[in-house]
Amino acid sequence: MSMSFDERGGVPVRRPSTEGRRSASLFQFVSGYGYSAAGRDLPEVSRGRTTASTIALGLVLPLVILAVWWIAADSGAIPDYLLPSPVQVVTAGVELAQAGLLATYILISVQRVLLGFAIGAAIGLVLGALVGLSPLASKLLAPLLGAIRAVPSLAWVPLLTIYLGIYEEPKITLIAIGAAFPVFTTVAGALRHVDPHLVEAGQAFGLGRFSLLTTVQLPAVVPSIVSGLRLALAQSWLFLVAAELIASSMGLGFLLIDSQNNGRIDRLFLAIILLGVLGKTTDALVGLGERALLKRWG
């Protein structure tokens with residue numbers, strides 16, 4: 001046994017000799033010190049518990065917009081080639097479903113988004129950890145990554161087409177580029193601001209650099225990581241449309257462009273609504289993961 005000191009007041013505490021007991025004691029220390037993954041203990045409301053009233057309030061504005069849209073379309077003040085009615089949009093969806101295209105377009109787009117998101121998020125997490133923990137890596141990588149982040153999504157399309165062809169690789173790569181930077185930015189910024197008392201406590205308990213990262217620093221920035229993932233997922237859906245400009249013949253991005261070219265405003269509305277619904281659904285799934293992580297480390 002060896003002795004260490006409590007950062008709160010210099011009270012000597014015993015330091016366990018085994019790595020497993022070090023980690024357990026460290027979690028007890030962190031809990032007693034009053035820190036959660038997001039800082040101080042969070043009230044129940046901020047943990048995002050979904051209630052019936054929350055769902056009802058969230059539906060109010062979409063239903064109001066739907067009602068206004070329906071009234072405006074039925075009034076005849078705006079021609080249907082500019083504003084189709086909700087019935088026309090639903091009918092367009094039924095036509096595509098009966099032709100066997102709607103489910104195919106949705107599944108292809110979801111697959112592209114999830115693959116690109118997974119690759120980009122993993123890259124962003126690694127780069128964010130490097131830049132957030134290493135001043136040298138920050139000086140080397142931050143300027144270049146900042147410049148790459150400023151490049152518009154459409155600017156990558158010609159280059160990716162030349163290098164990777166016209167099939168799935170350039171599409172997934174473009175989505176991965178869009179997903180990487182929100183994760184990188186949030187993780188790097190959060191790791192720079194991890195409470196130094198937690199780091200010192202981990203070092204006092206004998207944790208190495210990797211153990212310190214996985215046991216103290218990453219759990220301390222869980223809310224920032226989840227925020228970055230949610231932003232990355234939203235960015236992935238945004239980049240999907242640009243990705244499906246690359247010689248696509250299927251997908252919701254293709255449906256947008258094809259509907260514009262053919263003057264099918266009803267299908268155009270359908271594609272926009274589907275993108276919104278799918279984006280919100282995947283965001284809600286990440287939110288469920290956030291609850292589990294905060295329950296474990298929050």
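No continuous path of ILVMFWY side-chain contacts below 4.5 Å connects Ile71 to Val68, so the two sit in separate hydrophobic clusters. Note: the hydrophobic cluster containing Phe254 does not contain Ile166 (ILVMFWY, side chain heavy atoms under 4.5 Å, direct or indirect links). Linking Ile, Leu, Val, Met, Phe, Trp and Tyr whenever their side-chain heavy atoms come within less than 4.5 Å puts Leu255 and Val277 in one cluster. At a threshold of 4.5 Å between side-chain heavy atoms, the hydrophobic network of Ile, Leu, Val, Met, Phe, Trp and Tyr places Leu107 and Ile273 in two separate groups. Placement of Ile172 and Val151 within a single hydrophobic cluster is found when ILVMFWY residues are connected by side-chain heavy-atom separations under 4.5 Å, directly or transitively.
The closest side-chain heavy-atom distance from Trp69 to Phe269 is below 4.5 Å. Counting heavy atoms from C-beta on, the side chains of Leu274 and Tyr105 never come closer than 4.5 Å. Between Glu244 and Ile257, the closest side-chain pair of non-hydrogen atoms is not below 4.5 Å. Side-chain contact between Arg149 and Leu145 is absent, with no heavy atoms from C-beta onward closer than 4.5 Å. Between Leu127 and Val187, the closest side-chain pair of non-hydrogen atoms is not below 4.5 Å. Within the 4.5 Å cutoff, the side chain of Leu174 has heavy atoms near those of the Val157 side chain. The shortest distance between side-chain heavy atoms of Ile272 and Leu252 does not fall below 4.5 Å.
For residues 157-174, the pairs satisfying side chain to side chain donor-acceptor pair (under 3.5 Å) are Arg112-Glu168, with sequence neighbours left out. Annotation: side chain to side chain donor-acceptor pair (under 3.5 Å) contacts involving residues 220-242, sequence neighbours excluded, comprise Arg230-Asp283, Arg230-Glu290, Trp237-Thr282.
Across every non-hydrogen atom of Gly116 and Ala179, the tightest pair is O-CB, 4.1 Å. Nearest heavy atom pair, residue Leu160 against residue Pro170, reads CD1-O, 3.7 Å. Heavy atoms only, all atoms of each residue included: Pro86 and Leu66 are closest at CG-CD1, 3.9 Å. Heavy-atom minimum distance, Thr186 versus Gly228: OG1-CA, 3.2 Å. Here the closest non-hydrogen pair linking Phe184 and Val131 is CE1-CG2, 3.6 Å. Between Ala243 and Ile175, the closest heavy-atom pair is CB-CG1, 4.1 Å.
With values rounded to the nearest 0.5 angstrom, Ser75 atom OG is found 8.5 Å from Leu83 atom CG. To the nearest 0.5 Å, atoms CG (Leu270) and CG (Leu102) are separated by 6.0 Å. Here the CD1 atom belonging to Ile177 is positioned 9.0 Å from the CD1 atom belonging to Ile123, to the nearest 0.5 angstrom. Here CG of Leu96 is found 4.0 Å from CZ of Arg267. Values are rounded to the nearest 0.5 Å.
Using a distance-only test at 3.5 Å, with no hydrogens or angles considered, a donor-acceptor pair links the side chain of Asn262 to the main chain of Asp258. Between the Gln88 side chain and the Ser85 main chain, a donor and an acceptor come within less than 3.5 Å of each other. A donor-acceptor pair is defined here as one N or O able to donate and one able to accept, closer than 3.5 Å; no such pair exists between the side chain of Ser109 and the backbone of Ile106.
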Start with the C-alpha distance between Trp156 and Ile148, add both sets of side-chain angles, then the distance that settles side chain to side chain contact (heavy atoms under 4.5 Å, CB included), and finish with yes or no.
CA-CA 10 Å; Trp156 293 105; Ile148 295 174; 3.7 Å; yes
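Exactly one residue among Leu233, Leu278, Ile108 makes a side chain to side chain contact (heavy atoms under 4.5 Å, CB included) with Val113. That residue is Leu233.
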